[in-house]
Amino acid sequence: MNDIASKVSDADYAYYNGSGPSYTTESSTLISSSPYLNHRELRSLIAQEMLRRNGPDVPNTAYIPNVVKILMELEDWPRIFQLFEEEKARLPLFKSWLEGRKISLFTPEELKDAKPGTLRAVIHDFVVNSGYNMDHFYQGMEIKTDFDFYMKERTHTHDIEHMITGFETNHAGEVALLAANARALYSYFTPELAAFFNRVSAYLKAKTTMKSGLFYPEAYKVELDAEDIGAVQGRAWKHPLFLIPFRDYLDHQVSDIREEFGITNPPPAGEWAWTTAVSEDPRFDNDDSPMATAAE
């Protein structure tokens, strides 16, 4: 059976790999035109996270902070800040959202006594029953600049996006939300800034697709459907959902928010609840951490 691999022929190598110039270097370590490929820890993490199983010993979310930190170290920050200013000048809504600094992180006191069907009620239910922390990244960071606000607020709004799109916090729901956000970002912002906004999501999608393709065929199948559904919804959004000042919408019905911002055809509640189990190895019976069963 091992001879099957030998069917990849020399002609195949020549056709696919090309015959361009050979580059030489006196460097004793790998060197490339890609700063990402040059980063030893990032190479190791991406190889591990794309090729490992989603085993019960570590949560599926493991090492996301490590990858995010490295990607941030490799960013051209003067260029990113320049793009922020250019888009603020082009997009009044983006400018007002950044300058408004309306944080979508709510205290239990702010969420109590909510009317049924309102965003306040949905957030309250999520916070009380999910076990998730909506302030799950850049914890403890003080907001001093527009960029600080962007980083913190997008952390807070991620879970709210799950709530109002109907793409719940399960495996397929995460894939659908990634697909929706990518379409909305590239439709609204210039491609260069959209790529920055989508950088970590591109990594999450890549590792998810690869692992499912290797180990979890049922998960891969539902990912295809989830991406199609997410893409359709994301193209219909009025703009990326993180630009909604959710604090101003707490007492609005979720159905009205969906209508106002083009959030179409949300899946029925619980429709994809089964998808997390097929995207990972069986969990330990005593593992009750919400992050251990997170989709990504």
Side-chain angles (χ1 to χ4, degrees), residues 84-85 87-130 132-169 173 176-178 180-189 193-194 197-198 201 230 233-267 269:
F84 260 66
E85 294 305 313
E87 290 293 77
K88 284 166 62 179
R90 187 177 72 89
L91 300 168
L93 177 64
F94 183 50
K95 183 176 188 291
S96 64
W97 175 76
L98 287 168
E99 295 178 351
R101 304 273 175 97
K102 293 181 178 179
I103 291 291
S104 298
L105 184 64
F106 307 103
T107 66
E109 186 71 18
E110 289 177 299
L111 298 174
K112 71 177 186 179
D113 301 325
K115 294 181 180 179
T118 62
L119 180 61
R120 190 188 304 271
V122 172
I123 296 174
H124 178 269
D125 180 69
F126 182 89
V127 170
V128 169
N129 295 319
S130 74
Y132 285 81
N133 175 12
M134 289 180 64
D135 190 22
H136 56 86
F137 216 92
Y138 307 119
Q139 297 180 57
M141 187 185 78
E142 184 179 353
I143 295 175
K144 296 181 178 180
T145 67
D146 286 349
F147 187 77
D148 295 340
F149 172 72
Y150 156 75
M151 290 198 296
K152 283 300 292 182
E153 180 64 356
R154 198 163 184 206
T155 296
H156 301 148
T157 61
H158 175 78
D159 287 329
I160 299 177
E161 289 173 14
H162 276 297
M163 300 173 210
I164 65 175
T165 59
F167 302 146
E168 296 170 331
T169 52
L177 190 57
L178 287 173
N181 267 309
R183 272 65 176 186
L185 287 167
Y186 279 90
S187 294
Y188 192 75
F189 294 104
L193 188 57
F197 286 154
N198 196 57
S201 296
Q233 193 189 105
R235 290 190 185 100
W237 291 354
K238 187 176 180 180
H239 50 64
L241 299 186
F242 69 81
L243 297 177
I244 300 173
F246 288 108
R247 185 166 288 276
D248 295 345
Y249 284 83
L250 281 177
D251 293 313
H252 289 230
Q253 291 288 312
V254 170
S255 57
D256 293 338
I257 296 173
R258 288 171 172 169
E259 182 175 356
E260 180 174 348
F261 293 103
I263 302 170
T264 58
N265 299 318

Min side-chain heavy-atom separation [X]-[Y] under 4.5 Å:
| X | Y | result |
| --- | --- | --- |
| Glu161 | Phe167 | no |
| Leu241 | Thr157 | no |
| Leu93 | Tyr188 | yes |
| Arg154 | Asn181 | yes |

With sequence neighbours left out, write down each residue that passes salt bridge (charged side-chain N to carboxylate O under 4.0 Å, His left out) with Glu260, or none if nothing qualifies.
none

My understanding is that only residues two or more places apart in sequence, or in another chain, count here; which of them pass salt bridge (charged side-chain N to carboxylate O under 4.0 Å, His left out) with Lys95?
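Only Glu99 meet the salt bridge (charged side-chain N to carboxylate O under 4.0 Å, His left out) criterion with Lys95.
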
Residues His124, Arg120; criterion side-chain contact (heavy atoms from CB on, under 4.5 Å); working and verdict:
CA-CA 6 Å; His124 178 269; Arg120 190 188 304 271; 5.7 Å; no

Taking the six-membered ring for Trp, are Phe242 and Phe197 parallel (under 30°), tilted (30 to 60°) or perpendicular (over 60°)?
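Ring orientation, 0 to 90° scale: perpendicular.
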
Can you label the angle between the Trp97 ring and the Phe94 ring as parallel, tilted or perpendicular, going by 30° and 60°?
parallel

Between Gly166 and Pro267 the two heavy atoms that sit nearest each other are O-CD, 3.7 Å

is_close_aromatic(Phe106, Phe246), centroid dist under 6.0 Å
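Not close enough - the centres of the two rings lie 6.0 Å or further apart.
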
Mind running side-chain contact (heavy atoms from CB on, under 4.5 Å) on Leu98 and Phe147 for me, showing each step along the way?
CA-CA 8 Å; Leu98 287 168; Phe147 187 77; over 6 Å; no

Using a 6.0 Å cut-off, check whether atom CD of Glu110 has over 12 heavy atoms from anything other than its own residue.
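Yes, because the 6.0 Å sphere around CD of Glu110 holds more than 12 heavy atoms from other groups.
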
Going by side-chain contact (heavy atoms from CB on, under 4.5 Å), Ile123 matches just one of Leu105, Val254, Ile160, Asp159. Which one?
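So, applying the side-chain contact (heavy atoms from CB on, under 4.5 Å) to Ile123 and each of Leu105, Val254, Ile160, Asp159, only Ile160 qualifies.
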
Sequence neighbours excluded - side chain to side chain donor-acceptor pair (under 3.5 Å) pairs with any residue from residues 233-243:
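Residue pairs with at least one partner in residues 233-243: Gln233-Trp237.
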
